[in-house]
Amino acid sequence: MIMTIQDPTDPRQYDVIIIGAGFAGLYALHRMRGMGLSARVYEAGPEVGGVWFWNRYPGARCDVESLQYSYSFSPELEQEWVWTEKYATQPEILRYIRHVAERFDLRRDIQFNTRVEEAVYDEAGARWELRTEAGERVSGRFCVMATGALTVPQLPDIPGIERFAGKIYHTATWPHEGVDLSGRRVGVIGTGSSGIQAIPAIAKQAEQLVVFQRTANFSIPAWNGPLQPEVQQTWKKDYREHRRRAREVGTLYEFSDKAASQVGEEERQREYERRWQKGGVNFVHSFNDLMVDKQSNDTIAEFVRAKIRATVKDPQVAESLCPKDHPLGSKRICVDTGYYETYNRDNVKLVDLKKTPIREVSASGVHAGDVHHELDVLVCATGFDAVTGALRHIDIRGRNGQQLSRKWAEGPRSYLGLMTSGFPNLFIITGPGSPSVLVNMVVGIEHHVGWICDCLDHLRRQGLASIEAGQAAEDRWVEHVNAAANKTLFPLANSWFLGANVPGKPRVFMLYAAKLWVYRQECQAVADKGYEGFTLAAVPRPALAEAP
Ligand code: N01
């Protein structure tokens with residue numbers, strides 16, 4: 001028998017409220033419903049997909065191979081779904097997510113066009129009380145933040161930008177009807193993953209393209225192409241084993257057991273060249289010390305700079321495109337299709353903002369250094385208030401009315417990246433303090449949802465109703481996360497991993513840089529020890545629904 005705690009006279013009370021209907025929210029709904037819990041998803045957008053619903057700029061695609069960037073929970077789904085390209089485009093990934101929503105009948109428990117503005121923990125009732133933008137109120141015993149790491153677009157704070165008479169677009173909120181850039185003079189600000197994917201596509205449409213680059217980034221060719229049926233079939237034969245390994249390492253790459261520092265120059269160059277020809281993020285794994293040894297990293301960084309100089313015909317432009325201020329991989333590596341080659345086109349111009357900073361935007365264009373660039377369209381590929389942004393934009397208040405944004409004013413603090421003390425029964429999927437965006441997001445999401453479901457099951461079986469991260473355990477975890485980051489080269493870059501792209505955001509490395517299998521073991525060990533470091537309580541309320 002399934003016994004739920006939902007009050008039948010008040011349809012707005014649920015066991016679990018999930019915020020967000022991207023990869024994380026959909027899987028959480030599927031699993032929690034399967035446990036017999038009443039669950040409801042609130043989604044700000046009009047459709048499922050999360051980041052893949054919004055990011056539709058020209059050239060948008062994933063840089064994890066399609067066969068890996070997909071759910072592993074259903075062997076039938078993974079066998080039946082057919083990917084068409086090595087790296088899927090945004091429309092194809094969105095089609096996949098929609099298919100999942102239909103196939104598992106998820107839509108009936110999702111409320112679209114509903115932005116949650118406030119989530120307040122009611123201590124007496126031991127429930128989360130949520131208020132939406134439209135004033136609707138709902139409550140849940142548990143609240144799951146499936147709000148994504150790259151949700152809140154970051155617009156550049158440039159003097160005069162509001163005066164620009166042309167159109168301004170952000171890559172993350174690209175118009176759904178598309179934008180016809182033919183015959184237009186287009187400026188792109190930003191050369192991260194989004195800019196580096198969009199620039200070659202925009203250059204093919206626009207009459208003129210001016211790229212405003214503040215920091216040169218490392219980019220590796222994707223060598224994308226159609227996914228051959230025989231490659232797909234071979235992979236599908238071993239899908240279970242591939243998934244098992246992915247749970248240990250995140251994404252399956254060719255991991256090296258050699259250090260760049262231990263081999264000679266010739267072997268290093270041979271390996272870099274071989275990997276460059278294969279393309280993608282696999283390149284970063286050429287040797288096993290590249291993210292911990294600056295001298296080793298210098299060798300791979302120099303290899304890429306040589307590739308840039310060999311590709312870009314104008315030596316001055318090539319030099320501006322060569323990243324020199326951060327180790328390769330310390331900012332999220334980019335994967336491109338014809339990025340550096342784009343600068344050989346007659347209609348493309350690079351403005352190096354390190355030499356000629358933007359002074360202002362006027363009605364007719366962008367003034368950088370002494371030059372005024374006349375533009376019809378300005379594209380901001382300027383990234384996100386990442387990892388904590390979506391959480392900061394909801395007024396989340398825990399015990400004693402404590403605000404999450406206040407608690408995290410000096411940087412996010414969590415235990416295992418899953419919960420934060422003072423906020424009982426609030427789970428965060430792929431939040432700060434977990435590997436999050438450092439691993440294949442779908443793999444990380446499935447792990448977190450699995451851990452949370454096991455935890456809810458434990459509470460139910462023990463007749464408990466609340467779980468909260470302990471302060472001491474959280475403090476130790478934060479130190480542990482910082483120590484892991486400090487063993488790597490990540491802190492050497494001004495990246496969004498550190499919040500460095502958002503003015504005023506505290507400079508804290510927000511992610512757990514250990515190997516995924518280490519993190520999984522740590523999470524499992526905590527659970528195996530009866531959720532060590534957490535406080536579990538039987539508050540005087542009906543316990544969770546009985547296990548089916
Ligand atoms: O954002 P970013 P993104 N004036 O923050 C520049 C994922 N993703 O949207 O480096 C001038 O990386 C900024 O300059 P700087 C992926 O995880 C994945 O490109 O701060 N420039 C930078 O060049 C990725 O890492 C995929 O000096 C300004 C750029 O804007 C993450 O999303 C595709 C500026 C922002 O780069 C974010 O990528 C796309 C200003 N005022 C995204 N403000 C794939 O899977 C910012 N910039 C392939």
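Ligands are counted one by one from 1 in listed order, and the atoms in each one are counted from 1 as well.
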- Message: Aromatic contact between Tyr27 and His448, with the criterion being ring centroids under 6.0 Å apart: yes or no?
- Response: no
- Query: For atom CD of Glu410, is the number of surrounding heavy atoms from other residues, nucleotides or ligands below 6.0 Å larger than 12?
  - Reply: no
- Task: Using a strict cut-off of under 4.0 Å between a residue heavy atom and any atom of ligand 1, list the qualifying protein residues by chain and number.
- Result: Tyr57, Arg61, Cys62, Asp63, Leu150, Pro156, Ile189, Gly190, Thr191, Gly192, Ser193, Ser194, Gln197, Arg214, Thr215, Lys331, Arg332, Leu353, Ala381, Thr382, Gly383, Phe384, Trp496
- Message: Parallel, tilted or perpendicular, judged at 30° and 60°: which one describes the rings of Phe303 and Tyr272?
- Response: tilted
- Between Trp496 and Met510, which heavy-atom pair has the shortest distance, and what is it? O-CE, 3.3 Å
- Message: Assess whether a salt bridge exists between Arg345 and Glu341, defined as any Lys/Arg side-chain N lying under 4.0 Å from an Asp/Glu carboxylate O.
- Response: no
- Message: Salt bridge check, Arg332 against Asp63: does any charged N sit closer than 4.0 Å to a carboxylate O?
- Response: yes
